[in-house]
Amino acid sequence: MAYNLKEVVAEKPSRFTSGHRMCAGCGAPPVARMIMRALKPEDHAVIANATGCMEVSSFIYPYTAWTDSYIHTAFECTAATLSGAEAAYKSMKKQGKLPDDEHTKFIAFGGDGGTYDIGIQSLSGAMERGHDMTYVCYDNGAYMNTGIQRSSATPRFADTTTSPAGSVIPGKMQSRKDLTEIMEAHHLPYVAQTAAYMNFKDLYEKAEKAIYTEGPTFLNVLAPCPRGWGYPTEDLMTINKLAVETCYWPLYEIENGKYKINYKPAKKLPVEEFLKPQRRFKHLFKPGNEWMIEEFQKEVDKRWEALLKLEEMSNNEEK
């Protein structure tokens with residue numbers, strides 16, 4: 001059904017409000033704001049937020065940027081905390097302690113450090129148990145809040161404080177973990193990868209689908225960091241665009257095991273277009289380091305081709 005996204009979104013109040021202390025040019029606030037706007041106005045939400053940039057900047061007691069119920073929890077247990085709240089809610093409903101017309105949604109937010117790494121055990125457990133909740137990873141590719149240390153979401157060759165590019169190593173030596181595919185391996189009803197691109201349409205629609213799909217759902221959302229990535233604050237949306245147009249960060253969803261790529265660039269840009277504006281990759285453009293860009297391109301191409309094949313297989317199974 002066709003609709004005017006701008007009109008639909010504009011009619012809804014912001015449930016992640018202004019006045020937070022996130023950095024200018026940070027990708028996380030627009031992600032949180034748009035996901036929260038995907039909620040129906042009459043529905044309540046319980047938010048669990050892992051320790052990290054978003055938590056320390058949006059909820060400094062007694063001030064909060066969240067208009068719904070909010071739980072700050074430790075790095076390692078965001079999904080476990082929220083799954084407990086969801087289980088308690090279901091129990092209270094069953095006991096008649098909550099009215100039938102009361103609807104609460106459960107949404108977790110965690111950075112890549114608290115999701116890919118420290119929190120993956122509780123995330124995997126909550127998803128496997130089948131709790132009716134949505135987990136959102138805002139992926140900024142490192143432990144930005146504690147000093148820009150590398151995480152398993154950090155791309156290969158990126159310069160971080162614990163994988164410094166120099167004469168010993170050329171940045172991080174390992175490839176980036178593919179958490180979206182790991183979540184798909186849990187056989188969830190809905191898994192998606194998205195970004196704040198194309199007027200937020202992809203992000204909004206996937207958030208709405210994730211929140212209102214029954215059972216455990218997962219969103220992996222690109223959230224660039226100006227301090228850790230080293231780009232001018234005004235270039236946030238340009239960085240998002242280049243990540244998508246180079247296929248470094250494909251926009252796709254997996255609904256009940258069926259893959260669908262939501263956007264295929266008419267002309268796929270070379271990945272160096274995404275790398276060049278970022279200070280963390282400046283060493284790749286020094287004479288003699290061309291091989292790093294070539295290796296980076298090979299990995300992006302390999303993952304993109306694999307995704308195209310998964311979509312093709314899904315379509316063939318349907319016939």
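The structure displayed is predicted, hence computed values, not measured ones.
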*Any cation-pi pair here, R280 with Y231, using under 6.0 Å and within 45°?*
no

Taking only distance into account, with no hydrogens and no angle test, what donor-acceptor pairs under 3.5 Å do side-chain atoms of residues 26-35 form with protein atoms, sequence neighbours excluded?
{"from": "R33", "atom 1": "NE", "to": "S14", "atom 2": "OG", "distance (Å)": "3.4"}
{"from": "R33", "atom 1": "NE", "to": "F16", "atom 2": "O", "distance (Å)": "3.1"}

*asked:* Within the supplied structure, the quantity of interest is the number of heavy atoms (other residues, nucleotides, ligands) at a distance under 6.0 Å from K309 NZ; does it exceed 12?
replied: no

*asked:* Between F106 and Y89, is the ring centroid distance below 6.0 Å?
replied: yes

_So does N140 get a backbone contact from the side chain of W229, meaning a donor-acceptor N/O pair under 3.5 Å?_
yes

_What I'd like to find out is whether the side chain of T217 reaches to under 4.5 Å of the side chain of V191, using heavy atoms alone._
no

*Looking at CE of M127 and CZ of R129, how far apart are the two atoms once the value is rounded to the nearest 0.5 Å?*
9.0 Å

*Look at atom CD of Q95 and say whether more than 12 heavy atoms of other residues, nucleotides or ligands are closer to it than 6.0 Å.*
yes

*Answer yes or no: is there a side-chain heavy-atom contact under 4.5 Å between Q149 and T160?*
no

*asked:* Quick test of your reading of the model: are K264 and E311 salt-bridged, counting only N-O distances below 4.0 Å?
replied: yes

*asked:* I'd like to know whether the aromatic ring centres of F296 and F281 sit less than 6.0 Å apart in this structure.
replied: yes

_Any side-chain to backbone donor/acceptor pair from T154 onto G141? Under 3.5 Å, distance only._
yes

*Starting from the C-alpha separation in whole Å, work towards a yes-or-no answer on side-chain contact (heavy atoms from CB on, under 4.5 Å) for V221 and D139.*
CA-CA 6 Å; V221 192; D139 186 342; over 6 Å; no

*asked:* Could you check whether any side-chain N or O of Q121 sits under 3.5 Å from a backbone N or O of I118, counting only pairs where one atom can act as donor and the other as acceptor?
replied: no

*Can you find a pair of side-chain heavy atoms, one from C247 and one from K268, that are under 4.5 Å apart?*
yes

*Charged N-O contact under 4.0 Å between E205 and K201*: yes

*F274 pairs by side chain to side chain contact (heavy atoms under 4.5 Å, CB included) with which of I239, V300, V244?*
I239

*Take H103 and E42 through the side-chain contact (heavy atoms from CB on, under 4.5 Å) test and state the conclusion after the steps.*
CA-CA 8 Å; H103 301 290; E42 66 270 21; 5.9 Å; no

*CG-OG1 distance between L82 and T73, expressed to the nearest 0.5 angstrom*: 9.5 Å

*Do R15 and L39 come close enough that some side-chain heavy atom pair is under 4.5 Å?*
yes

*Would you give the length of the straight line joining atom CG of D68 to atom NZ of K105, rounded to the nearest 0.5 angstrom?*
13.0 Å

*Can you check side-chain contact (heavy atoms from CB on, under 4.5 Å) on T134 and F218, steps first, answer last?*
CA-CA 6 Å; T134 297; F218 179 82; over 6 Å; no

*asked:* If you define the side chain from C-beta out and look only at heavy atoms, does anything of V56 sit under 4.5 Å from R21?
replied: no

*May I ask you to decide if the ring planes of Y259 and Y252 are parallel, tilted or perpendicular, using 30° and 60° as cut-offs?*
parallel

*Would you confirm whether E102, through its side chain, and D100, through its main-chain N or O, come within 3.5 Å as a donor-acceptor pair?*
no

*Would you kindly check if the NZ (Lys) or CZ (Arg) of K209 is within the cone defined by 45 degrees around the ring axis of Y204 and under 6.0 Å from the six-membered ring centre?*
no

*For E184, salt bridge (Lys or Arg N to Asp or Glu O under 4.0 Å) partners two or more places apart*: none

*Backbone N/O of L188 and side chain of H186: donor-acceptor pair under 3.5 Å*: no

*Non-hydrogen atoms of E245 and P265 that approach each other most closely*: OE1-CB, 3.5 Å

*Does CG in N199 sit with more than 12 non-hydrogen atoms of other residues, nucleotides or ligands closer than 6.0 Å?*
no

*Give, for atom OG1 of T194 and atom NZ of K206, the distance between the pair rounded to the nearest 0.5 Å.*
4.5 Å

*Side chain of H283, backbone of P170: donor and acceptor closer than 3.5 Å?*
yes

*asked:* For R227, is there any backbone N or O sitting under 3.5 Å from a side-chain donor or acceptor partner on R279?
replied: yes

*Whether over 12 other heavy atoms sit under 6.0 Å from K177 NZ*: yes

*Contact check, side chains of N220 and W249, non-hydrogen atoms, under 4.5 Å*: yes

*asked:* If you count every heavy atom of other residues, nucleotides or ligands that lies below 6.0 Å from K286 atom NZ, does the total exceed 12?
replied: no

*State whether the side chain of S314 and the backbone N or O of L310 hold a donor-acceptor pair below 3.5 Å, judged by distance alone.*
yes

*asked:* Please evaluate residues E299 and S175 with respect to the criterion side chain to side chain donor-acceptor pair (under 3.5 Å), reporting the C-alpha separation (whole Å), side-chain torsions for both, the decisive distance (0.1 Å), and the verdict.
replied: CA-CA 8 Å; E299 184 170 338; S175 295; 3.0 Å; yes

*Any Lys/Arg nitrogen of K282 or D159 sitting under 4.0 Å from an Asp/Glu carboxylate oxygen of the other?*
no

_Strictly distance-based, threshold 3.5 Å: is any side-chain N or O of D117 a donor or acceptor partner for the main-chain N or O of S152?_
yes

*Would you find more than 12 non-hydrogen atoms of other residues, nucleotides or ligands less than 6.0 Å from K12 atom NZ?*
yes

*Taking all non-hydrogen atoms of both residues, which atom of T81 and which atom of I71 are closest, and how far apart?*
CG2-CG2, 3.9 Å

*Spell out, as yes or no, whether a donor-acceptor pair under 3.5 Å connects the side chain of T180 to the backbone of Q193.*
no

_For the student: nearest non-hydrogen atoms of T161 and G147, plus distance_ = OG1-O, 2.8 Å

*Could you check E181 against I254 for side-chain contact (heavy atoms from CB on, under 4.5 Å), going step by step and ending with a plain yes or no?*
CA-CA 9 Å; E181 291 303 310; I254 314 159; 4.1 Å; yes

*Taking the six-membered ring for Trp, are F109 and Y138 ring centroids under 6.0 Å apart?*
no

*Taking all atoms of both residues into account, what is the closest heavy-atom pair of N240 and A195, and its distance?*
OD1-CB, 4.4 Å

*asked:* Using side chain to side chain donor-acceptor pair (under 3.5 Å), reason through Y70 and N49 one step at a time and then give a plain yes or no.
replied: CA-CA 8 Å; Y70 180 89; N49 193 184; 2.7 Å; yes

*Is any side-chain heavy atom of T104 closer than 4.5 Å to a side-chain heavy atom of D43?*
no

*Taking every non-hydrogen atom, the tightest pair across H20 and A65*: CB-CB, 4.0 Å

*Drop me the distance from Y116's OH to L123's CG, to the nearest 0.5 angstrom.*
11.0 Å

*So does E295 pair up with R156, basic N to acidic O under 4.0 Å?*
yes

*Do the non-hydrogen side-chain atoms of S69 and H44 ever get within less than 4.5 Å of each other?*
yes

*What's the shortest heavy-atom distance between A126 and S83, and which atoms?*
CB-CB, 4.2 Å

*Supply the atom-to-atom distance I107 CD1 to W66 CH2, rounded to the nearest 0.5 angstrom.*
8.5 Å

